[in-house]
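Just below is one structure, and these are the notes that go with it.
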Amino acid sequence: MKKLGLMLLAGLLIATSTPAMVRGQGSKLPYQDASLPVAQRVDDLMGRLTLDEKIGQMTLVEKNSIKSADIGPLGIGGLLSGGGGYPGTGNTAEKWAAMVDGYQKEALTSRLAIPMIYGVDAVHGHGNLKGATIFPQNVGLGAANDPDLTERIGRATAQEMIATGIYWDYAPVVAVVQDVRWGRSYESYSENTELVTKLSSAYIKGLQGDGLGTPGSVLATPKHFVGDGGTKWGSSKTDNYRIDQGVTDVDEATLRAIHLPPYEAAIKAGAQSIMVSFSSWGGMKMHAQKYLLTDVLKGELGFTGFLVSDWAGMDQITSNYAEAMITGINAGVDMNMVPYDYHKFIDVMKQAIADGKITTERVDDAVRRILTVKFEMGLFEHPFSDPSLLPSVGSDEHRALAREAVNKSLVLLKNDNQALPIAKDTPTIFVGGAGADDIGIQSGGWTIEWQGKTGNITPGTTILDGIKAQVSDKANVVYDKFARFRNEKDANGNQIIADVGIMVIAEQPYAEGRGDSPDLMMLDATNLIRERSKKLVIIVLSGRPVIITEQLKMADAVVAAWLPGTEGNGVTDVIFGDKPFTGKLAFTWPRAAAQLPFDFKTLPKTGCDAPLFPFGYGLDTQSSTTYQDTCQK
Ligand code: BGC
Ligand code: BGC
């Protein structure tokens, strides 16, 4: 009611005022008047912009490449931190806020004081920020399959972002992964379209809250449109990547059936920015696909927001830069993640428009979309960080939420001889594997650095910390990352055998194509700890199902813990029985990499051609099933 009244009043004021100024509101121009409808503000601002300023709005630059003094004069529309893009002055929330607010101040010196939009890959919490809450990677949230939980993670992540002045998240990844050899598998919830659709929509609702512009709301960016999860092994032409950024070799019906539904749902959930995929389809880079970007996404699916390119994604269309930009913008890209040489992009745009190769209608459409979203987000009214949210960064409340997510993400693959739960007063527990005591390993890529990093790179609890906190003072916990336990001798000099051995088998951190793996093999010392333990529990830390067929035979119990993030005690809550196992596989688990890619339609259920574990599999400690492999080779 109140809002409506104000709007009517504003309307009256406009009607009685000179076109450029709204009387009674200082010298506010209509586009600066938050009481006016967004469409009217956009129209007003569009009418004031020069062509150069419009090109500026379409330009997205990574922060290490921008000269601050260029932001205002060029009217740069957006800036971003890539993976590892923390402030040069230090990686704290305060320093982030100062950095981003500083760029925003520059943007507001532009002729029309248009705020820039700052983006970051907060893909499992505000991952580049030291001290942020790092949630399980999406592969774990897929196993948890709890939309309410996923939504709450989105809410919490938005708060930690806003504390640092960032209102734009390049998440969620809505890839429907068809081949887990892909290095981005962990960024995805599942191989199953329905599961991805459900959880990604929940996450978008969490990030955006009660709607863009409401307190605590951050703009989501489902990515990467479309078919990124369907690329074919060996088809990539980027660096020495094998599958990432490759070719999605399926017909249109399959593309639509498997990969498109998450976007339909995302748009319904209010997504107003979408990122284009590096991958190709039908012999053409996605960034060049006018049919998919414009006809299908903006036309058929009714997407009214703006399309952002991926990192120099348009550059891959063809080696002629100008031609690549012309093709990409004409295909429907609205904002170009340049990300480095923005002068070059701006010059090419000017020339292309002068030559009529990009029409002013296309430019206007792109800029309208961008400005509409900026207005909807309320960026003109609150362009800066909210320091009142600083205490939320890595707060107890958010860590408790992350811990709950870890609890729910664990999948129990095998549990013979009642190995789990482990009794808290077990006299001797051996713990092996570097991943048992390493925040970087348990968090994976997109954590502090683009590729992630081993070591205790940000505050949290490791699995070993969790074990020590869980056991009673009767238990003796011995940790050896090499799993040799050579010094554990009794009074007679005989090797001590642990009651329980806990072996953590882990992938090293990786991101994108650098994580493409031909064999998914794990190097570990399971055989060593096996000899020294009566019962052996294996915890697998990985961004995807990995090949554990041999280790499975050696172990009494096996737990898939994915990449849990900073709250390692979320793992030990469950293995010591304080919390139940409820996670179920959101990815089919191969017996050997040679089985990949799976043909999901014809997967055998038993025998040596069957996967090791099917989609949906997961035990609880009450199930009395003894593990039986139907492949006897
Ligand atoms: C990735 C995107 C990411 C962007 C910005 C690209 O390499 O593919 O997912 O949003 O970098 O960091
Ligand atoms: C950036 C990432 C980006 C990648 C693309 C890195 O330097 O930090 O965000 O995705 O380059 O190659």
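Quick note: residue numbers are just sequence positions, from 1. Just follow the structure's listing: the first ligand is 1, and inside any ligand the first atom is 1.
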Would one find an N or O of [X], backbone or side chain, under 3.5 Å from an N or O of ligand 1?
| X | result |
| --- | --- |
| W311 | no |
| E512 | yes |
| W446 | no |

Between E264 and K268, does at least one N-O distance fall below 4.0 Å, as a salt bridge requires?
-> no
Output the list of atoms in ligand 1 that are nearer than 4.0 Å to some heavy atom of [X], sorted by atom number.
| X | result |
| --- | --- |
| H224 | 2 (C), 8 (O), 9 (O) |
| D310 | 1 (C), 2 (C), 3 (C), 4 (C), 6 (C), 7 (O), 8 (O), 11 (O) |
| K223 | 2 (C), 3 (C), 9 (O), 10 (O) |
| R184 | 1 (C), 2 (C), 8 (O), 9 (O) |
| G82 | 12 (O) |
| M275 | 2 (C), 10 (O) |

Shortest reach to atom 3 (C) of ligand 1 by a heavy atom, considering only L80, D121, D169 = D121
Applying salt bridge (Lys or Arg N to Asp or Glu O under 4.0 Å) to R152 and not counting sequence neighbours gives D148, E404
Set of residues satisfying salt bridge (Lys or Arg N to Asp or Glu O under 4.0 Å) with respect to K298, sequence neighbours excluded = D334
Under 6.0 Å between ring centres: does that hold for [X] and [Y]?
| X | Y | value |
| --- | --- | --- |
| W168 | F306 | yes |
| W281 | Y291 | no |
| Y167 | Y118 | no |

Measure from the side-chain N and O atoms of E160 to the backbone N and O of G125, and report whether any donor-acceptor pair falls under 3.5 Å.
-> no
Is the backbone N or O of G227 less than 3.5 Å from a side-chain atom of T248, with the two atoms forming a donor-acceptor pair by type?
-> yes
Ligand 1 versus F278: contacting region, heavy-atom distance under 4.0 Å = side chain
Quick look: Q245 vs ligand 1, heavy-atom contacts under 4.0 Å, and the answer is neither
